[in-house]
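Notes follow once the structure below has been shown.
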There are 2 protein chains.
Amino acid sequence: MREGPDIARIASLVGDPARANMLNALMGGTALTASELALEAGVSLPTASSHLSKLMEGGLLTLASQGRHRYYGLAGPQVAGMIEAITGVAEAVGPKRVRPGPRDGAMRIARVCYDHLAGEQAVAMLDRLVEKDILLRDDREIRLGPSAVSHFSAIGIDVDAKPRRPVCRACLDWSVRRSHLAGTLGAAILDKILLEKWARREKDSRAVVFSPPGKQAFERVFLA
Amino acid sequence: MREGPDIARIASLVGDPARANMLNALMGGTALTASELALEAGVSLPTASSHLSKLMEGGLLTLASQGRHRYYGLAGPQVAGMIEAITGVAEAVGPKRVRPGPRDGAMRIARVCYDHLAGEQAVAMLDRLVEKDILLRDDREIRLGPSAVSHFSAIGIDVDAKPRRPVCRACLDWSVRRSHLAGTLGAAILDKILLEKWARREKDSRAVVFSPPGKQAFERVFLA
DNA sequence: AGAATGCTTCGATGAGGAACGAACTATGCG
DNA sequence: CGCATAGTTCGTTCCTCATCGAAGCATTCT
């Protein structure tokens, strides 16, 4: 009972699955809104709000209010370091990698991350778009390149449509450990993929499964 | 819902106050028995046993059985690092140092740590005993000096009495951040202090309060 | 102004899990 | 062998806290 700082209080904040998912989602470094975090955590908005209050009160998060949006972010690198340390232990003691499993494999290749595509396919797509100078990437930030508007409108995506949210955002991929494309453009691309029936969402999962012709079409449009 | 390793599982293990106290107690590096940890955590033995099972199952602890004693220790430096990281955050976000409070002050000066004395007085005592070469300290280890047996038997403490447990052990003091004396010798000294009525235990607390003459006697014997 | 969106608060429900006493097992001592 | 000590298991009680629906602010769009 050497009662120094209240470590149990902090750890129990991270100890709830919903909160842990939120913190994990914020490990990418970009601040997210309450709704986004609710989706990430897989809970309802009220529940998420309650969790966010607790994380705020616990000093783990910062809040930036912008209009009616409230962006939550990690309170600092110390908090991020703590999450990393916990993740490291969890990885070390949890050799639960019995076998990747078919759905895990599919998840690794392509899955939904909030409203956009994630996984190997998504990372490859962003790489290719940057390579072709359609998008420009500095470190964590992604901007439209000069040919972006014409390129995307040619395939039926209007990049100016929704000026409220950032068009491009980098989102860290847990399976590949590299960024993929988020923001309204990322969302629009996922919409197109599903609309064109190139792929379908796996039931009760975030996995996205491409049909063979769908994959070809996707590669022709985005990876060419 | 980027579901990597199960960080919530690990964090929730640390998130219980009783378990957090146990882990904290083990941060000193020395393995402790279930009973000792129960006392540290301030819970009953069955409760402690249950917590220890969970910590073992979670991979945070190692177990070394020696006869009827079962020594629990941290599973490794990675776990210790995680605890440190959490402690750092807890310290940073919890500047709840409203006021030390009278009892906290007493605790800081002298308190019971399992079966021995801790706090400023205890740290000063160990320093003085080492200074006089009655005890020898290398880093974390403490051994009896050549004059130890005669010195302690002169004041009625038989250092050879109980060969089963280590006679001397260093125990890290949370308030002073330095070691004090544990082990059978530490326990015997605390016994003597209470037996001679130099001090009494505060009700419902670990604080130990010396009477003015008692303090003088203690200083004469151990700090001279 | 009215409507829509983003988010929080309130209230009720429910489940997990922390706690302890009592009983049981295991190791050591005489 | 019997007694004492060290630990675990079991069963019960209890309380916290996670969850969601409904309703309540707040902000922005039209």
Side-chain angles (χ1 to χ4, degrees), chain A residues 1 6 8-23 25-26 31-58 61-73 114-115 161-166 184 187, chain B residues 1 6 8-23 31-58 61-73 114-115 161-166 184 187:
Chain A
M1 212 139 48
D6 197 348
R9 181 175 135 78
I10 301 299
S12 68
L13 281 174
V14 188
D16 178 83
R19 287 194 291 263
N21 281 332
M22 291 175 171
L23 291 168
L26 292 171
L32 299 172
T33 65
S35 326
E36 289 172 320
L37 289 167
L39 276 164
E40 284 285 346
V43 295
S44 73
L45 227 163
T47 302
S49 184
S50 154
H51 284 305
L52 289 169
S53 312
K54 284 169 190 167
L55 289 170
M56 282 296 296
E57 199 182 358
L61 297 186
T62 55
L63 175 56
S65 287
Q66 283 180 19
R68 64 180 159 185
H69 294 264
R70 315 193 73 184
Y71 286 93
Y72 289 92
Y114 179 32
D115 60 356
K162 307 171 186 173
R164 309 198 209 146
R165 266 177 59 193
T184 56
Chain B
M1 213 142 37
D6 198 349
R9 180 176 136 79
I10 301 300
S12 69
L13 282 174
V14 188
D16 179 83
R19 286 194 291 262
N21 283 331
M22 291 175 172
L23 291 168
L32 299 172
T33 66
S35 327
E36 288 171 321
L37 289 167
L39 276 162
E40 285 284 345
V43 294
S44 73
L45 226 162
T47 302
S49 184
S50 156
H51 285 305
L52 289 169
S53 309
K54 284 169 190 167
L55 288 171
M56 283 296 296
E57 198 183 358
L61 298 185
T62 55
L63 174 57
S65 288
Q66 285 181 16
R68 64 177 161 186
H69 295 264
R70 315 192 73 184
Y71 287 92
Y72 290 92
Y114 178 33
D115 61 355
K162 307 171 188 174
R164 306 195 213 150
R165 267 176 57 194
T184 57

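First the proteins, then the strands, lettered A, B, ... as listed; each starts at 1.
Residue-to-nucleotide proximity on DNA chain D shows that, of Ala18(A) and Leu63(B), the 5′-proximal contact is made by Leu63(B).
Note: CG (Leu37(B)) to P (dT8(D)) measures 10 Å, nearest angstrom. Taking atom CG on Leu52(B) and atom C1' on dT9(D), their separation rounds to 14 Å, with Å as the unit. Counting to the nearest Å, the C1' atom of dG6(C) and the CG atom of Leu39(A) are 13 Å from each other. A straight line from CG of Leu55(A) to P of dT8(C) spans 12 Å, rounded to a whole angstrom. Taking atom CG on Leu61(A) and atom P on dC7(C), their separation rounds to 14 Å, with Å as the unit. Put simply, CG on Leu13(A) is 9 Å from P on dA18(D), counting in whole angstrom units. The nearest whole Å value for the distance from the CG atom in Leu45(B) to the C1' atom in dA4(D) is 15 Å. Rounding to whole angstrom units, CG of residue Asn21(A) and C1' of dT19(D) are separated by 15 Å.
Candidate nucleotides dT9(D), dT19(D), dA18(C) were compared by shortest atom distance to the side chain of Asp16(B), and dA18(C) ranks first. When distances are taken from the side chain of Lys54(B) to each of dA18(C), dT8(D), dA18(D), the shortest belongs to dA18(C). Side chain of Arg70(A), nearest nucleotide from dT19(D), dT8(C), dT8(D): dT8(C). For Pro46(B), whose side chain is taken as the heavy atoms from C-beta onward, the closest listed nucleotide among dA22(D), dA18(D), dT8(D) is dT8(D). The side chain of Ser35(A) has dG6(C) as its nearest neighbour among dG6(C), dC20(C), dG7(D). Of the candidate nucleotides dT9(C), dC20(C), dT8(D), dT8(D) has the atom nearest to the side chain of Tyr72(B). In the set dA18(C), dT8(C), dT19(D), the nucleotide with an atom closest to the side chain of His51(B) is dA18(C).
Proximity of Thr47(B) to the phosphate of dC20(C): a side-chain N or O atom is located under 4.0 Å from OP1 or OP2. Under 4.0 angstrom from either OP1 or OP2 of dC20(C) there lies at least one side-chain N or O belonging to Ser44(B).
Within the 4.5 Å cutoff, no side-chain heavy atoms of Glu57(A) are placed close to those of Ser53(A). The side-chain heavy atoms of Tyr72(B) and Thr62(B), taken from C-beta on, include no pair separated by under 4.5 Å. Using a 4.5 Å heavy-atom threshold, the side chains of Leu52(B) and Leu63(B) count as separate.
Put simply, CG on Leu45(A) and CG on Leu39(A) are 8.0 Å apart, with the number rounded to the nearest 0.5 Å.
The residue from Asp16(B), Leu37(B), Leu23(B) that alone fulfils the side chain to side chain contact (heavy atoms under 4.5 Å, CB included) condition with Leu55(B) is Leu23(B).
Residue Ala48(A) is classed as having no contact, given no heavy-atom separation below 4.0 Å to the nucleic acid.
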